[in-house]
**Q** 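One structure coming up, written as structure tokens, with questions to follow.
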Amino acid sequence: MSDIYDICIVGGGVNGCGIARDAAGRGKSVFLCEKGDLGEATSSSSTKLFHGGLRYLEHYAFRLVRESLQEREVLLKAMPHISWPMRFVLPHHKGLRPAWLLRLGLFIYDNLGGRKILPATRTLDLARDAAGAPLNNRFARGFEYSDCWVEDSRLVVLNARDAVDRGAEIAVRTACVSARVEEGTWSVTLEDGRTIRARALVNAAGPWAEEMARNRAGLNTSEHVRLVRGSHIVTRKLFDHDRAYIFQHADGRIVFAIPYETDFTLIGTTDVEHEGDPKTAECSPEEAAYLCKLVSEYFAKLVTTDDIVWTYSGVRPLFDDGSESASKATRDYVLKLDRDLGAPILNIYGGKITTYRKLSEDVLARLGEVMDMGKPWTAGVALPGGDFPVDGVQALAGQVAVTSDVDPATALRLAKAYGTDAIRMLTEADGDLGQDFGHGLYEVELRWLIAREWARTTDDVLWRRSKLGLRFAPAEVEVLADWMREAVKETAGPAAA
């Protein structure tokens with residue numbers, strides 16, 4: 001453990017963990033504290049996409065879209081287990097954007113980012129194509145283009161794991177109480193009583209970034225965070241193919257309907273100004289009704305709130321650029337480096353999952369103005385378990401099935417969650433799966449999650465490290481909770497703190 005760390009990072013979302021990984025890989029000593037579980041707030045509540053942001057073209061955000069499109073393929077290669085290409089169907093709604101405008105936008109989208117892996121846009125005859133079958137028959141024409149899916153919570157954890165493997169120290173469920181400059185370094189007081197000293201402080205607290213800067217770090221700043229709630233609903237499967245839909249609405253917003261966890265459909269998201277603590281974010285009845293009404297304009301079968309099996313919400317910490325509405329506020333990130341307190345603090349406002357790696361590089365480039373930060377290295381370097389080809393997940397699932405006695409569906413889930421680490425997990429256990437908790441969750445996976453991925457509660461396992469919570473009955477959750485309480489007490493290791 002360092003007496004004085006090079007960097008202390010507050011916030012264990014995708015940005016904080018991405019920065020920790022990048023900095024540790026450059027040989028810097030890094031400490032990261034997170035008040036809850038890794039990715040517990042915004043980073044586990046996204047629409048699970050990394051994409052260029054097709055609708056941002058209307059706001060002329062060409063730099064953001066270009067950078068995001070370039071990152072799609074970089075990230076696909078680095079994490080083929082937790083991300084994969086997905087085709088999106090955009091039905092032409094005659095009362096909204098004209099077909100020529102959609103085709104022009106998609107042409108730009110195809111060519112702005114130097115696409116190599118992903119297939120190009122094509123026009124669909126929805127009367128003949130399978131994608132038209134679930135839709136209202138008034139939609140005769142559509143377009144199909146490429147973007148990508150990502151398991152957002154696992155992205156956070158894998159960055160954290162790699163950071164620790166490269167020397168970083170990560171403390172979960174450990175809030176930053178205060179941060180003050182003493183003798184040219186930051187003195188950061190943690191809720192567990194420890195005090196951490198660091199040459200630079202990075203505020204990656206997401207929705208709490210403004211509160212962290214003002215109230216805990218004592219910074220007199222003019223920057224503000226605009227809290228915008230994005231809510232999602234999950235229904236039973238609404239269609240049988242593996243493509244997603246992107247639906248336009250008369251209010252200018254778009255909503256996705258995405259195949260989800262084999263048996264479900266994910267629908268979202270909203271853009272609503274959020275008041276109060278970001279931790280209280282939940283899908284309101286009005287938001288749920290809005291999403292149902294919007295997709296019902298497109299699907300032949302009416303979708304109602306009775307079809308909803310789960311909802312979730314996250315608060316986007318957008319930089320307050322003075323936009324008149326939440327939908328028009330910038331999705332780009334803003335970095336503010338302040339040296340006035342006697343040691344550098346870098347505050348992060350905004351950002352999106354797709355650009356987290358570039359944000360990490362930009363953060364360290366800014367810190368490079370005041371201290372040696374080394375060179376970027378993360379482009380093309382796989383995250384843990386991602387050392388296999390982009391199109392190799394099915395073959396990997398076959399290897400997982402051979403290594404153990406799990407059924408094909410569980411083998412595929414493990415391959416998609418852990419990549420080649422699934423083989424390592426099962427091999428280390430000598431093929432012994434241990435107790436069966438149902439729905440393909442075995443003791444061997446739980447012990448891995450507790451020892452290596454900071455899992456401590458059933459929510460950590462069922463809703464962030466996986467989405468098995470969609471399948472577990474309350475009685476099954478209780479059995480799992482009882483087992484985990486005892487297993488956590490027994491566990492020691494780098495992720496046990």
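Just so it is clear, the structure is predicted and the values come from calculations on it, not from any experiment.
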**Q** Minimum heavy-atom separation for I233 to C292, with atom names?
**A**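 Heavy-atom minimum between the residues: CD1-SG, 3.8 Å.
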
**Q** Angle between ring planes, Y109 versus Y145, binned at 30° and 60°: parallel, tilted or perpendicular?
**A**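 Ring orientation, 0 to 90° scale: perpendicular.
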
**Q** Drop me the distance from R413's CZ to L441's CG, to the nearest 0.5 angstrom.
**A**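 These two atoms lie 6.0 Å from each other.
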
**Q** Kindly say whether S231 contributes a backbone atom to a donor-acceptor pair with the side chain of T270 at under 3.5 angstrom?
**A**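 Yes: the side chain of T270 pairs with the backbone of S231.
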
**Q** Verify the neighbour count for atom NZ of K279: are there more than 12 heavy atoms of other residues, nucleotides or ligands below 6.0 Å?
**A**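 Counting other residues, nucleotides and ligands, NZ of K279 stays at 12 neighbours or fewer.
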
**Q** Measuring from atom CG of D405 to atom OG1 of T410, what distance do you get when rounded to the nearest 0.5 angstrom?
**A**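 D405 atom CG to T410 atom OG1 measures 11.5 Å (nearest 0.5 Å).
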
**Q** Locate the shortest heavy-atom distance separating C17 from A160; write the atom from each residue and the value.
**A**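 The pair with the smallest heavy-atom distance is SG-CB, 3.9 Å.
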
**Q** Just how far is it from atom CZ of F139 to atom OH of Y245, taken to the nearest 0.5 Å?
**A**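 Output value for this atom pair is 11.5 Å.
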
**Q** Identify the residue among L76, D147, D110, L69 that makes a side-chain contact (heavy atoms from CB on, under 4.5 Å) with L118.
**A**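 Among L76, D147, D110, L69, the one that satisfies the side-chain contact (heavy atoms from CB on, under 4.5 Å) with L118 is L76.
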
**Q** Testing the 3.5 Å rule here: is there a donor-acceptor pair between the side chains of N15 and Y333?
**A**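 Result is no, nothing qualifies.
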
**Q** With a 6.0 Å cut-off (strictly less than), is the heavy-atom count around CZ of R66, excluding the residue itself, greater than 12?
**A**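 12 or below, so no.
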
**Q** For the atom pair CG (L480) and NE2 (H439), what is the distance rounded to the nearest 0.5 Å?
**A**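 Reported value, rounded in 0.5 Å steps: 10.5 Å.
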
**Q** Work out which heavy atom in S45 is nearest to a heavy atom in H232; give both atom names and the distance.
**A**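 Minimum heavy-atom separation between S45 and H232: O-CE1, 3.5 Å.
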
**Q** Under 4.0 Å between a side-chain nitrogen and a carboxylate oxygen: does that hold for R173 and D460?
**A**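 Counted as a salt bridge, because a side-chain N and a carboxylate O are separated by less than 4.0 Å.
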
**Q** Check whether NZ of the Lys or CZ of the Arg K416 lies under 6.0 Å from the centre of the six-membered ring of W84 and within 45 degrees of that ring's axis.
**A**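 Yes, a cation-pi geometry.
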
**Q** For R464 and S44, test the side chains for any donor-to-acceptor distance below 3.5 angstrom and give the result as yes or no.
**A**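 No, S44 and R464 have no side-chain donor paired with an acceptor closer than 3.5 Å.
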
**Q** If you measure from the Lys or Arg side-chain nitrogens to the Asp or Glu carboxylate oxygens, is any gap between R154 and E453 under 4.0 Å?
**A**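 A salt bridge links R154 with E453.
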
**Q** Under 30°, 30 to 60°, or over 60°: which ring-plane class applies to F88 and F256, parallel, tilted or perpendicular?
**A**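 The arrangement is perpendicular - the two ring planes meet at more than 60°.
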
**Q** Salt-bridged, K358 to E71, with N to O below 4.0 Å?
**A**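 No, no charged N to carboxylate O under 4.0 Å.
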
**Q** In terms of side-chain geometry, is the basic nitrogen of E287 or R229 positioned less than 4.0 Å from the acidic oxygen of its partner?
**A**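 Looking at R229 together with E287, the answer is yes, because their closest N to O distance falls below 4.0 Å.
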
**Q** Does D263, at its CG atom, have more than 12 non-hydrogen atoms belonging to other residues, nucleotides or ligands within less than 6.0 Å?
**A**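 Buried by this count: over 12 neighbours within 6.0 Å.
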
**Q** We want to know whether R87 and S146 form a side-chain donor-acceptor pair, criterion being a heavy-atom distance below 3.5 angstrom.
**A**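 A pair is found: one side chain offers a donor N or O, the other an acceptor, under 3.5 Å apart.
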
**Q** Rounded to the nearest 0.5 Å, how far does CE of M484 lie from CD1 of I450?
**A**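 Between I450 CD1 and M484 CE, I get 4.5 Å after rounding to 0.5 Å.
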
**Q** Can you tell me how far apart CD (E297) and CG (L135) are? Round to the nearest 0.5 Å.
**A**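 Between E297 CD and L135 CG, I get 13.0 Å after rounding to 0.5 Å.
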
**Q** If you take all heavy atoms of L396 and T420, which pair is closest and at what distance?
**A**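 Of all heavy-atom pairs spanning L396 and T420, the closest is CD2-N, 3.7 Å.
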
**Q** Quick check with a 6.0 Å cut-off and a 45 degree axis cone: is K467 positioned over the face of Y312's six-membered ring?
**A**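 K467 over Y312 ring: no.
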
**Q** Assess the residue pair V488 and R485 against the criterion (side chain to side chain contact (heavy atoms under 4.5 Å, CB included)); give the C-alpha distance rounded to whole Å, side-chain angles, the decisive distance to 0.1 Å, and a yes or no.
**A** CA-CA 5 Å; V488 167; R485 276 191 288 270; over 6 Å; no

**Q** In a check of side-chain contact (heavy atoms from CB on, under 4.5 Å) between I348 and each of V202, I9, N203, V334, which one passes?
**A**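 Exactly one option meets the side-chain contact (heavy atoms from CB on, under 4.5 Å) with I348, and it is V202.
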
**Q** Can you spot which of T458, T457, L470 makes a side-chain contact (heavy atoms from CB on, under 4.5 Å) with W463?
**A**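 Per the side-chain contact (heavy atoms from CB on, under 4.5 Å) rule, the option paired with W463 is L470, out of T458, T457, L470.
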
**Q** Assert yes or no for the condition that the ring centre distance of F247 to F299 is strictly below 6.0 Å.
**A**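 Aromatic pair counts; centres sit under 6.0 Å.
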
**Q** Among H92, R253, R97, H93, which residue meets the side-chain hydrogen bond (donor to acceptor under 3.5 Å, both in side chains) test with Q248?
**A**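 Exactly one pass, corresponding to R97.
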
**Q** Provide the closest heavy-atom pair for G12 versus V156 in the form atom of the first, atom of the second, distance.
**A**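 Here G12 and V156 meet closest at O-CG1, 3.5 Å.
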
**Q** List the atom of A209, the atom of V225, and the distance in Å for their closest heavy-atom pair.
**A**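 In terms of heavy atoms, the two residues are closest at CB-CG2, 4.3 Å.
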
**Q** Spell out, as yes or no, whether a donor-acceptor pair under 3.5 Å connects the side chain of S466 to the backbone of V461.
**A**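 Confirmed, S466 side chain pairs with V461 backbone.
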
**Q** Looking at E67 and R63, is any side-chain nitrogen of the basic one under 4.0 Å from a carboxylate oxygen of the acidic one?
**A**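 Salt bridge present between R63 and E67.
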
